[in-house]
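Hydrogens, waters and symmetry mates are skipped; everything else that's a heavy atom, side chains included, is used.
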Amino acid sequence: NSTSVAVYPHVTHVDLWWNLTKSTHSICPGVRSVELYGCHQGEIEPIHPNVHELLQTPSLKHLMVAGTTSISQLRFATALAKSAIHADTLSCHTDWLLTLLEAKDYEHICLLLTMRIRKLLLEDGEHILPQVNFIAFTRTFLHLEEITMRLSSIDDMFFFLNVLRRLKIARFALLRGAFSNIGDLTERIRSSTILLDFTVESED
């Protein structure tokens, strides 16, 4: 809780632990991303004004939720609401996002995500969004312009390509064996979507 001001003009990323009151008064005028770490559900601690100042940095674009110790959904909502208006990118793991989509208590957070988030990066390589959550997902991220996620089937990919109509960049990784012929898949994308520029790649 130092009252001194330390300026770090070249810092572009900050890892922010859940115990936010222990943050020092550091000014990072060029910060572009903040990774939010979590605590046990139910642990509540006021967010320190120093952190509000950091989240209001005009250059901040990207909020990241750490996978192993995820920040609680309610604390994340507070951070998102307090962040700069340009913070429109979210990176998180699928299981953390599923809690948001499946809990009725978090509908107000989903509304906040609808208004703010334009880029979503689902970075978990093991979990896949279940089909039962597709409608809630697309309702929450209806205005996405960029998405990166892992899917289990070609049909799932076509669902998102045709429902998320504002997408400019989409990176979908399909489970191994989801398609066998790149040419057939390329032709199906060309004939069944509005995409003009896309690439289909195989790890094999």
**Study point:** Worked check of side-chain contact (heavy atoms from CB on, under 4.5 Å) between Asp156 and Phe172
**Key:** CA-CA 10 Å; Asp156 293 349; Phe172 294 118; over 6 Å; no

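- For Asp155, the salt bridge (Lys or Arg N to Asp or Glu O under 4.0 Å) partners at least two apart in sequence or on another chain are Arg188.
- Cluster membership check: Val132 does not share its hydrophobic cluster with Leu164, using side-chain heavy-atom separations under 4.5 Å among Ile, Leu, Val, Met, Phe, Trp and Tyr.
- By the criterion of side-chain heavy atoms lying less than 4.5 angstrom apart, applied directly or through intervening Ile, Leu, Val, Met, Phe, Trp or Tyr residues, Phe160 is grouped together with Leu122 in one hydrophobic cluster.
- Nearest heavy atom pair, residue Cys92 against residue Leu97, reads SG-CB, 4.1 Å.
- Within the 3.5 Å criterion, the main-chain N or O of Thr140 finds a donor-acceptor partner in the side chain of Thr114.
- The residues Asp88 and Lys119 are annotated as not salt-bridged, no charged nitrogen and carboxylate oxygen being separated by less than 4.0 angstrom.
- Between Glu102 and Asn133 the shortest side-chain heavy-atom distance falls below 4.5 Å.
- Interatomic distance, NZ of Lys82 versus CG of Leu55, reported as 10.0 Å (0.5 Å rounding).
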Point to revise | Chi angles and distances behind the side-chain contact (heavy atoms from CB on, under 4.5 Å) call for Arg32, His62 | key: CA-CA 6 Å; Arg32 294 194 294 266; His62 192 172; over 6 Å; no

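- At least one side-chain heavy atom of Leu74 sits less than 4.5 Å from a side-chain heavy atom of His108.
- Going from atom OH of Tyr37 over to atom CG of Leu16 covers 10.0 Å, rounded to the nearest 0.5 Å.
- With rounding to the nearest 0.5 angstrom, the CZ atom of Phe76 is 7.5 Å from the CG atom of Leu100.
- Here the straight-line distance linking atom OG of Ser33 with atom CG of Leu60 works out to 8.0 Å at 0.5 Å rounding.
- The cluster map of Ile, Leu, Val, Met, Phe, Trp and Tyr, joined by side-chain heavy atoms under 4.5 Å apart, puts Phe137 and Met115 in the same cluster.
- Rounded to the nearest 0.5 Å, atoms OG (Ser83) and NZ (Lys61) are 11.0 Å apart.
- The hydrophobic clustering, which links ILVMFWY residues whose side-chain heavy atoms are closer than 4.5 Å, places Leu167 and Ile154 together.
- Under the 4.5 Å side-chain criterion, counting only non-hydrogen atoms from C-beta, Val163 is not in contact with Phe134.
- What you find for Thr99 and Gln73 is that their closest heavy atoms are CB-NE2, 3.5 Å.
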Practice item. Determine, step by step, whether Arg166 and Leu144 satisfy the side-chain contact (heavy atoms from CB on, under 4.5 Å) criterion, reporting the C-alpha distance in whole Å, the side-chain angles of both residues, the deciding distance to 0.1 Å, and the verdict. Key: CA-CA 6 Å; Arg166 300 193 183 188; Leu144 279 185; over 6 Å; no

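- Nearest heavy atom pair, residue Ser59 against residue Pro29, reads OG-O, 3.3 Å.
- Side-chain heavy atoms closer than 4.5 Å link hydrophobic residues (I, L, V, M, F, W, Y) into clusters, and following such links, even through other members, never connects Leu142 to Ile147.
- Every residue meeting the salt bridge (Lys or Arg N to Asp or Glu O under 4.0 Å) condition with Arg171, not counting sequence neighbours, appears here in chain and number order: Glu146.
- Lys104 is listed as a side-chain neighbour of Glu107, based on a closest heavy-atom distance under 4.5 Å.
- With values rounded to the nearest 0.5 angstrom, Thr138 atom OG1 is found 12.0 Å from Asn162 atom CG.
- Nearest heavy atom pair, residue Pro58 against residue His86, reads O-CD2, 3.5 Å.
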Exercise for review: Quick one: do Arg75 and Leu36 satisfy side-chain contact (heavy atoms from CB on, under 4.5 Å)? Show the steps, please.
Suggested key: CA-CA 9 Å; Arg75 180 176 283 276; Leu36 304 166; over 6 Å; no

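- The shortest heavy-atom contact between Arg116 and Ala84 is NH2-O, 2.5 Å.
- The heavy-atom pair separating Leu129 from Leu98 by the smallest distance is CD1-CD2, 3.4 Å.
- The side-chain heavy atoms of Leu120 and Leu113, taken from C-beta on, include no pair separated by under 4.5 Å.
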